[in-house]
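Shown next, in C-alpha cells, is the structure this report addresses.
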Amino acid sequence: MAPKILSTFISPLPLPLPHHLTNLHSRVLTVHKSPPRLIFCKSTPPHRPLISPPELAESESESEGAGAASPTRGDKFLYRQRSVEAAKLVMKEIQPKGPKKKREKLPKVSSAVASCYGCGAPLQTSELDAPGYIDPDTYQLKKKHHQLRTVLCRRCRLLSHGHMITAVGGNGGYSGGKQFVTAEELRDKLSHLRHEKTLIIKLVDIVDFNGSFLSRVRDLVGANPIILVVTKVDLLPKGSDLNCIGDWVVEATTKKKINVLSVHLTSSKSLIGIAGVVSEIQKEKKGRDVYILGSANVGKSAFISALLRLMAEKDPIAAAATRYKPVESAVPGTTLGPIQIEAFPGGGKLYDTPGVHLHHRQAAVVYAEDLPALAPQNRLRGQTFPVTSGAEPSCLNGFSVFWGGLVRIDILKVLPETNLTFYGPRGLQIHVVPTAKADRFYQENLGVLLTPPTGKDRACNWKGLETERQLLIKFKDIDRPACDVAISGLGWICVEPVKRSLGKSELAYKETPKELHFSVHVPRPVEIFVRPPMPVGKAGAEWYQYQELTEKEEEVRPNWNF
C-alpha cells in the first residue's frame, strides 16, 4: 500500500534545504493528491532521509562546527546549488503534464502609409480620379518588392504632362469630391511643427509678395527659426538691382514683425541664390529636420529640385534623392501631403509640405483651365497706361482700365501726367474705356477680349468683380512712384504721379493737391494691398532710397543674400 504522506520518502539531499524552499516544500505536501514516486539525485549518495519542515527548522539552528573539518564556503555553495536542482526535479514531477498555453501576440499596427513621392497623397486603388490612385496590379507588384516609395500616382503623371488638375479650393478639384483639400486641413497637417524642433524655410513669391507672404506663419511654426527665401527673382524686369530689391524685402518683412534669420533672393530656374540657402541650412540645421513652407504655387517643389541639384554635386545622399523628387506644376495644391526626402547626411530630413491655400488670391477664384495664365513664365515687362494718351487733361478723369477680366480700375481723380504701369502675366491684356460704358463693355467682352475667364461658357458662370475698394493715395515727391497697388495672386500696378521721363519741375506742382483717387474692382474675396513701390527696372535703382538705421536697428535687421 502506498504511503499517504511525503515525509516517509527517502531523499538523497546531503544538507538541509535553504529557508526559501520551505514554503515550496509545504505546498508540495498540501496539493499532492496522487502517490508520489521515489526520486534520487545522481550527484549525491542516497543515504540520508528527506528532512521535514520542523526538522529543517531545528537543523538550521544547530551549529555546523568549526576547525579544519567544517564545510568551506565553496562546499556550502555547492550543496546549495545541488539542493536547488533537487527541488526543481520535484516540482517538475508533480506539475501536470500537457501543452503549455502560448501567450497571444497582439498584431502590430503599422502607422506608416505609403504615399506618392510626387504629391504626398496616400496611395489608393479604388478611386480613379482621386489623388494617389495607381493601378491595382502595379500596387501589388510594388508592394511585393517593397518599392511603394518609388510610385508616382495617376494625378501626378497628368500634372507632369501639363494637365490642370487641382485639389485645393476654388473652382477646381476632381469630380468625386472626396479627399478635397481645404485650407483648414492643410494647416492641420502642419500644426505639429510648433511642438517640434525644426528649421523652417519660408518661401515667398516676389511677383506676388504680399499675397503669398503667410503673415501668420508664427501660428504654424511657433518659435522655430525661419529662413526667408524669395523665389522667382529671375522674373523681375530687366535691369532690376537686387541690392535695392533685397533692402525693400527686408524693410517689408520688418514691418510685418516676423523675425527671420536671413533673407535670400533666389531663382530655381537659374540657381541664383541657391548656394547661399544651402550654406545657411548647413549652418543652422544642427541635426534638425528642415521643412519647406509656403503658400500654394509659390514654387516649393521647384526650389527643392534646385536645392537637391546643387547639393548633389558634393553629396551622394542628395544625388540619390534627386531620382524621386516632388512634382512641379502651375496648379495650386500640387503637393497634398508632407513628402519626406533623405537629403542630409548625419541626421535630419528634408520635407516638402502642402501649400497653404489662401482664399484671397486670384488662383482661388479662376477656373483650373485658366491657371497657367496667372503664372508668368518669362521676365516681366511693365505695360504702361499713359493717362494723357488721346485725351485732354480735363478729360482724364472718368476713364476705366480693365486688366484682363480680373481687375477694373476707375480713375476718379489724378494729375494730367499720372502714369500707371502694370506688372503681371503677359497674357492679360489692358483695355481702356470711359467709365460710363465700363459695365456694358465688361458684360459684352467677358470671356472674349477680357480673359480670364476664357470662353463664353465659363463667363456665364462667372460671378464678376464683386469687390470694390476706394483708394485715396497721397504722395510727397513727384520724382518717385507714389505706391504700388498689389492684386493678390496676380501682380501689381505702379502708380507714378508724374511720369519721370516728362522732366517736369517741382515748381509746376507746388500748389497742386498731392493726392490721387481710384476705385479698384476685383472678384470676391481677392485682396488689394497698397504698399511702398518696389524698385524694379533700371529706373528703380535711381529713385530708391535706402533706410537710415541706427546701430541697434542694424543689429536686429536680417541680412539679405543673393
Side-chain angles (χ1 to χ4, degrees), residues 199-215 217-218 221 224-285 290-295 298-300 302-304 306-307 310-311 379-380 423 480-481 484 486 492 494 529 531-562:
L199 177 62
I200 305 299
I201 311 297
K202 171 182 162 61
L203 268 59
V204 180
D205 185 351
I206 191 62
V207 179
D208 185 28
F209 184 83
N210 296 81
S212 65
F213 192 84
L214 286 183
S215 57
V217 67
R218 281 296 177 190
V221 304
N224 285 312
I226 298 176
I227 299 174
L228 182 65
V229 174
V230 182
T231 62
K232 306 178 184 180
V233 296
D234 58 302
L235 297 180
L236 290 174
K238 188 176 181 180
S240 297
D241 188 340
L242 293 185
N243 285 297
C244 298
I245 299 296
D247 188 76
W248 183 90
V249 170
V250 171
E251 183 66 22
T253 304
T254 304
K255 290 181 179 179
K256 292 180 180 293
K257 298 181 179 180
I258 297 179
N259 296 325
V260 298
L261 297 176
S262 58
V263 175
H264 297 262
L265 306 182
T266 67
S267 167
S268 301
K269 185 177 181 180
S270 62
L271 298 183
I272 292 176
I274 301 296
V277 180
V278 173
S279 177
E280 188 79 3
I281 290 175
Q282 293 173 344
K283 175 184 175 182
E284 300 293 342
K285 188 171 74 70
V290 179
Y291 280 80
I292 309 298
L293 190 64
S295 61
V298 77
K300 295 187 300 300
F303 170 75
I304 289 176
L307 197 69
L310 199 63
M311 292 171 60
R379 189 180 294 275
L380 298 179
Y423 293 97
R480 63 194 305 270
D484 286 344
W492 73 95
C494 180
F529 303 94
R531 70 189 189 192
M534 185 185 296
V536 296
K538 294 181 179 179
E542 297 176 4
W543 58 256
Y544 184 73
Q545 298 176 350
Y546 289 92
Q547 299 293 324
E548 295 183 2
L549 304 173
T550 63
E551 293 184 2
K552 186 176 181 180
E553 290 174 336
E554 282 283 359
E555 293 177 359
V556 175
R557 281 167 62 99
N559 297 323
W560 72 87
N561 306 272
F562 60 86

Counting C-beta onward and ignoring hydrogens, is there a side-chain heavy-atom pair between [X] and [Y] closer than 4.5 Å?
X: F529; Y: D484; value: no
X: V207; Y: L380; value: yes
X: I258; Y: V260; value: yes
X: I201; Y: K300; value: no
X: I200; Y: I227; value: no
X: L293; Y: V221; value: yes

For this session: Could you tell me the separation between the CG atom of L236 and the CG atom of L242, rounded to the nearest 0.5 Å?
Result: 7.0 Å

For this session: To the nearest 0.5 Å, tell me how far T231 OG1 sits from L265 CG.
Result: 10.5 Å

For this session: For residues 229-243, pull every pair meeting salt bridge (Lys or Arg N to Asp or Glu O under 4.0 Å), keeping only residues two or more places apart or in separate chains.
Result: D205-K232

In a table with atom names and distances, give each donor-acceptor pair under 3.5 Å that connects a side chain of residues 268-281 to protein atoms at least two apart or in another chain.
from, atom 1, to, atom 2, distance (Å)
S268, OG, F303, N, 3.4
S270, OG, S267, OG, 3.0
E280, OE2, S262, OG, 3.2

Problem set entry | All side chain to side chain donor-acceptor pair (under 3.5 Å) counterparts of S295, not counting sequence neighbours | R361

Problem set entry | side chain to side chain donor-acceptor pair (under 3.5 Å) partners of E284, counting only residues at least two apart | none

Shortest non-hydrogen contact between [X] and [Y], atoms and distance:
X: S212; Y: V204; result: OG-CG1, 3.6 Å
X: P533; Y: P481; result: CG-O, 3.7 Å
X: I206; Y: W492; result: O-CZ3, 4.4 Å
X: L203; Y: G299; result: CD2-O, 3.8 Å

For this session: Just do the side-chain contact (heavy atoms from CB on, under 4.5 Å) check on I226 and R218 with the steps written out, would you?
Result: CA-CA 9 Å; I226 298 176; R218 281 296 177 190; 3.6 Å; yes

Seminar exercise, completed: Residues at least two apart in sequence or cross-chain that pass salt bridge (Lys or Arg N to Asp or Glu O under 4.0 Å) with R379, listed by chain then number, are none

Problem set entry | Any donor-acceptor pair under 3.5 Å from R531 side chain to F209 backbone | no

Problem set entry | N/O donor-acceptor pair under 3.5 Å between T254 side chain and V250 backbone | yes

For this session: Run the numbers on V233 and T266 for side-chain contact (heavy atoms from CB on, under 4.5 Å), then give the verdict.
Result: CA-CA 6 Å; V233 296; T266 67; 5.6 Å; no

For this session: Tell me, please, which residues at least two apart from P535 pass side-chain contact (heavy atoms from CB on, under 4.5 Å).
Result: C244, I245, W248, W543, Y544

Exercise. If you draw a 6.0 Å radius around NZ in K283, do more than 12 non-hydrogen atoms from other residues or ligands fall strictly inside?
Worked result: no

Can I get a per-line list of side-chain donor-acceptor pairs under 3.5 Å for residues 554-562, giving both atom names and the distance, sequence neighbours left out?
from, atom 1, to, atom 2, distance (Å)
R557, NH1, E251, OE1, 2.7
R557, NH2, D247, OD1, 3.3
N561, ND2, V263, O, 3.4

For this session: Go through the steps to decide whether Y291 and L199 satisfy the test side-chain contact (heavy atoms from CB on, under 4.5 Å), and finish with yes or no.
Result: CA-CA 6 Å; Y291 280 80; L199 177 62; over 6 Å; no

Exercise. Should L228 and H264 be marked as a side-chain contact (heavy atoms from CB on, under 4.5 Å) after you check the CA-CA gap, both sets of side-chain angles, and the distance that decides it?
Worked result: CA-CA 6 Å; L228 182 65; H264 297 262; over 6 Å; no

